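Notes for the one structure printed next.
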Amino acid sequence: MKYRTHLSSEINESMAGQEVIIAGWIHLKRDLGGKKFLIIRDKDGYIQVVINKKEQPELAELFYELTPESAVSVRGIVKLDKRAPNGYEIIPKEIIVHSRARAPLPLDVSGKVPADIDTRLRERVLDLRREESRAYFKIISVALRAIREELYRRGFIEIFTPKIIATATEGGAALFPVAYFGKEAYLAQSPQLYKELMAGAFERVFEIAPAWRAEESDTPYHLAEFISIDIEMAFADYNTVMEILENIVYRAVKAVKEECTKELNIINYEPPEVKLPLKRFKYTEVVKILQEAGFDIKVGDDIGTPELREFHKIIGEELFFIIDWPSEAKPFYTMPKKDDERFTESFDLNWKFLELASGSTRIHVKDLLIKRLKEKGLNPESFRYFLKWFDYGMPPHAGWGMGLGRFALMLTGARNIREVTLFPRDKKRLTP
RNA sequence: GCCGCGGUAGUAUAGCCCGGCCUAGUAUGCGGGCCUGUCGAGCCCGUGACCCGGGUUCAAAUCCCGGCCGCGGCGCCA
């Protein structure tokens with residue numbers, strides 16, 4: 001017997017009388033004695049199987065051995081019945097149990113009893129059979145496709161840069177050391193330096209790949225391992241790449257709203273409306289507004305989470321840019337503003353209080369780069385292999401990086417980045 | 001790392017303030033029984049739990065201390 005001839009989504013009323021084989025998991029069992037109902041779940045949905053005890057005593061007997069979440073194939077006849085969900089159901093001739101699930105389950109997949117996120121992450125594979133969890137990842141996948149399409153449309157090519165690196169990319173963040181054939185190496189915290197070099201070859205590149213941070217961060221929007229969406233573009237400044245970013249956000253949200261109506265309905269969420277162009281607030285304006293709101297903040301300080309929460313409330317915008325950050329708050333490769341060197345051609349994209357993406361015009365002049373490295377207390381010598389290529393025609397360029405998980409929080413309304421990460425890695429979690 | 005709250009059957013919770021009425025309640029699951037249209041099926045019977053260690057007390061799920069773990073807020077953090 002074949003595993004399957006039809007998905008639940010491929011069966012309809014016009015197939016009455018036809019024999020089909022469906023496959024999936026036992027989602028629910030309802031035993032009324034003479035009639036026994038099985039709800040089979042596959043990747044697209046659910047379909048009901050009805051066993052009549054009198055007519056099919058062997059199958060009625062088998063029914064008792066079927067445990068929830070067992071993987072099965074059911075061969076049977078499609079039958080119209082207005083009492084059935086969707087108006088049709090399967091009258092089985094044969095039920096094959098591919099894999100019997102142990103009972104009881106460590107987690108209720110059917111949605112009757114809620115579980116804490118900690119329990120759900122421990123039992124993640126079963127958790128990912130819940131329709132809410134699957135909806136999250138379908139939405140993320142649709143968004144990613146839209147992002148890729150928009151970048152390809154704009155002449156970007158997708159690249160992969162090394163994830164095992166010799167030196168710290170930017171100094172700041174703590175890295176995970178890797179034992180590398182007797183040498184000291186690290187997991188990349190960002191593709192930053194490599195993507196800049198690649199903009200010097202391909203002009204327009206993007207990468208969607210993991211990055212690692214060994215920070216102490218313990219919040220609902222930080223992970224030790226996360227997927228970063230990065231672009232870098234030659235002959236462009238921060239205004240150009242900001243425009244690309246907001247268009248990508250627009251496209252992704254549009255695609256999700258159009259293609260994921262079922263999933264959004266399951267999670268009962270509507271992503272924010274994206275009105276282009278997004279508002280751009282100068283860093284100094286933001287500081288001023290926060291000072292007026294009573295915060296103890298001065299020019300040069302980073303803007304903390306409580307401040308961002310309040311700022312979002314004051315301006316009443318869900319999605320907005322904060323631009324022209326002071327150089328203290330940005331990495332060494334960020335281009336200073338031409339008219340005022342204390343500030344930079346840089347931006348953060350925020351959803352409410354959450355930083356989704358940040359980017360800038362990059363410095364393409366070697367001497368300036370070395371000067372900025374020193375000012376940041378970094379040793380130019382350890383960036384030798386990066387800096388040498390700036391001797392050979394490095395074009396002006398700009399780019400940004402966006403955390404996929406954080407973007408997914410906006411797309412799904414999930415409260416914790418662990419929800420939208422299959423197997424999150426944080427300070428305490430290394431398994432599963 | 002700091003602050004707050006929490007840890008009770010497989011899962012989710014009540015009980016904790018005000019120690020004894022707790023042989024720890026409920027839902028769901030699981031086992032058994034009844035039931036031929038369920039769709040959160042229903043009804044009956046059963047099953048299964050106080051995070052770890054120390055202390056106070058005649059008596060601790062309940063109060064105190066320490067640890068571990070979780071969640072949230074912050075910090076750290078292109």
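Chain naming here is simple, since letters A, B, ... match the order of the sequence lines and numbering starts at 1 in each. Source: prediction; values computed, not measured.
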The side chain of Lys428(A) lies closest to which of these nucleotides: A78(B), G70(B), A12(B)? G70(B)
With sequence neighbours excluded, what pairs up with Tyr221(A) under the ring-ring contact (aromatic ring centres under 6.0 Å, His included) test? Phe353(A)
Pairs satisfying salt bridge (charged side-chain N to carboxylate O under 4.0 Å, His left out), at least one member in residues 299-311 of chain A, at least two apart: Lys298(A)-Asp301(A)
Show the distances under 3.5 angstrom between N or O atoms of the protein and N or O atoms of nucleotides 72-76 of chain B.
| unit_1 | atom_1 | unit_2 | atom_2 | d |
| --- | --- | --- | --- | --- |
| G72(B) | OP1 | Asn416(A) | ND2 | 3.0 |
| C74(B) | OP1 | Arg309(A) | NE | 2.8 |
| C74(B) | OP2 | Tyr221(A) | OH | 3.4 |
| C74(B) | OP2 | Arg309(A) | NH2 | 2.8 |
| C74(B) | N4 | Asp218(A) | O | 3.0 |
| G75(B) | OP2 | Thr305(A) | OG1 | 3.3 |
| G75(B) | O6 | Asp218(A) | N | 2.9 |
| C76(B) | O2 | Ser217(A) | N | 3.2 |
| C76(B) | O2 | Ser217(A) | OG | 2.9 |
| C76(B) | N3 | Ser217(A) | OG | 2.8 |
| C76(B) | N4 | His222(A) | NE2 | 3.4 |

Have His222(A) and Glu215(A) got a donor and an acceptor in their side chains that come within less than 3.5 Å? no
Give one of base, sugar-phosphate or nothing for Ala84(A), where a contact means two heavy atoms less than 4.0 Å apart. base
For Tyr136(A), what residues pass the ring-ring contact (aromatic ring centres under 6.0 Å, His included) criterion, not counting sequence neighbours? none
When rounded to whole Å, the CG to C1' distance for the pair Asp426(A) and C77(B) reads 15 Å
Taking Glu232(A) for the side chain and Phe206(A) for the main chain, is one N or O donor matched with an acceptor at less than 3.5 Å? no
Per the under-4.0 Å heavy-atom filter, residues of residues 7-24 of chain A near RNA chain B come out as none
Side chain of Pro104(A), heavy atoms from C-beta onward: which of G29(B), C39(B), G37(B) has the nearest atom to it? G29(B)
Using Watson-Crick or G-U wobble geometry with both distances below 3.5 Å, tell me the partner of U56(B), or none. none
Closest approach to the side chain of Val113(A), judged atom by atom: which nucleotide of A12(B), C35(B), A78(B) is it? A12(B)
Do Asp237(A) and Thr361(A) pair up side chain to side chain, a donor and an acceptor below 3.5 Å, judged on atom types alone? no
Measure all distances between protein nitrogen or oxygen atoms and nitrogen or oxygen atoms of nucleotides 42-46 of chain B, and list the pairs falling under 3.5 Å.
none

Check the distance between G29(B)'s P and Glu69(A)'s CD and give it to me in whole angstrom. 13 Å
Quick one, Asp218(A) with Lys427(A), criterion salt bridge (charged side-chain N to carboxylate O under 4.0 Å, His left out). Give me CA distance, side-chain angles, the key distance, then yes/no. CA-CA 7 Å; Asp218(A) 195 3; Lys427(A) 242 177 109 182; 5.3 Å; no
Validation row: Lys313(A), Phe311(A) side chains within 4.5 angstrom (heavy atoms): no
Going by the angle between their ring planes, with limits at 30° and 60°, are Phe386(A) and Phe332(A) parallel, tilted or perpendicular? perpendicular
Flag side-chain contact, heavy atom, 4.5 Å: Leu175(A) against Trp212(A): no
Separation between the P atoms of G31(B) and G15(B), rounded to whole Å: 31 Å
Find the partner of C17(B): check Watson-Crick (N1-N3 plus N6-O4 or O6-N4) and G-U wobble (N1-O2, O6-N3) distances, both under 3.5 Å, and reply none if neither fits. none
Any base atoms under 4.0 Å from Arg362(A), or only sugar-phosphate, or nothing? Heavy atoms, all strands. nothing
Assess the side chains of Glu207(A) and Thr161(A): does a donor N or O sit below 3.5 Å from an acceptor N or O? yes
Find the distance Glu419(A):CD to C71(B):P and express it as a whole number of Å. 11 Å
What's Asp230(A) touching, base or sugar-phosphate or nothing? Going by heavy atoms closer than 4.0 Å. base
Which is true for Pro85(A) with a 4.0 Å heavy-atom rule: it touches a base, it touches only sugar-phosphate, or it touches nothing? base
Once side chain to side chain donor-acceptor pair (under 3.5 Å) is applied, do any residues pair with Tyr46(A), and if so which ones, sequence neighbours excluded? Glu131(A)
Ranking Glu55(A) and Asp302(A) by the position along RNA chain B of their nearest nucleotide, the one closer to 5' is Glu55(A)
Can a donor-acceptor pair be found between the side chains of Tyr238(A) and Asp324(A) at a distance below 3.5 Å? yes
Between Asp42(A) and Arg4(A), what is the shortest heavy-atom contact and its length? CB-NH2, 3.5 Å
Taking only N and O in the side chain of Lys112(A), is any of them less than 4.0 Å away from OP1 or OP2 of A41(B)? yes
To the nearest angstrom, the NZ-P distance between Lys53(A) and U38(B) comes to 19 Å
What's the shortest heavy-atom distance between Pro220(A) and Arg415(A), and which atoms? CB-O, 3.6 Å
In whole angstroms, the gap separating P of U13(B) from CG of Asp108(A) amounts to 13 Å
Taking 4.0 angstrom as the limit, do Lys371(A) and Glu375(A) come out as a salt bridge? yes
Hey, does Asp118(A) reach any base, or is it just sugar-phosphate, or nothing, if we go heavy atoms under 4.0 Å? sugar-phosphate
When the ring centroid of Tyr283(A) is compared with that of Trp325(A), is the distance short of 6.0 Å? yes
Among all residues two or more places apart in sequence or in another chain, which pass the side chain to side chain donor-acceptor pair (under 3.5 Å) test with Lys112(A)? none
Mind calculating the distance between CZ (Arg102(A)) and C1' (G10(B)) to the nearest angstrom? 10 Å
Under 4.0 Å from any atom of RNA chain B, heavy atoms only: list the residues of residues 394-413 of chain A that qualify, in numerical order. Gly401(A)
Find the partner of C5(B): check Watson-Crick (N1-N3 plus N6-O4 or O6-N4) and G-U wobble (N1-O2, O6-N3) distances, both under 3.5 Å, and reply none if neither fits. G70(B)
Donor-acceptor pair between Thr431(A) and Arg429(A) side chains, under 3.5 angstrom: no
Of Leu38(A), Ile91(A), Leu59(A), Ile26(A), the one forming a side chain to side chain contact (heavy atoms under 4.5 Å, CB included) with Val49(A) is Leu38(A)
Once you apply a heavy-atom cut-off of 4.0 Å, does Gln48(A) come out as touching a base, just sugar-phosphate, or nothing? base
Choose from U13(B), G37(B), A78(B) the nucleotide whose nearest atom is closest to any side-chain atom of Val50(A). G37(B)
Which of residues 70-83 of chain A sit near RNA chain B, with a heavy atom under 4.0 Å from it? Asp81(A), Arg83(A)
Heavy atom of residues 284-294 of chain A under 4.0 Å from RNA chain B: which residues? none
Watson-Crick or G-U wobble partner for U11(B), using a 3.5 Å limit on both distances? A27(B)
Taking only residues at least two apart or on different chains, which pairs with a member in residues 91-104 of chain A satisfy salt bridge (charged side-chain N to carboxylate O under 4.0 Å, His left out)? Glu19(A)-Lys93(A), Arg75(A)-Glu94(A)
Under a 3.5 Å limit for both distances, which nucleotide forms a Watson-Crick or G-U wobble pair with U38(B), could you say? none
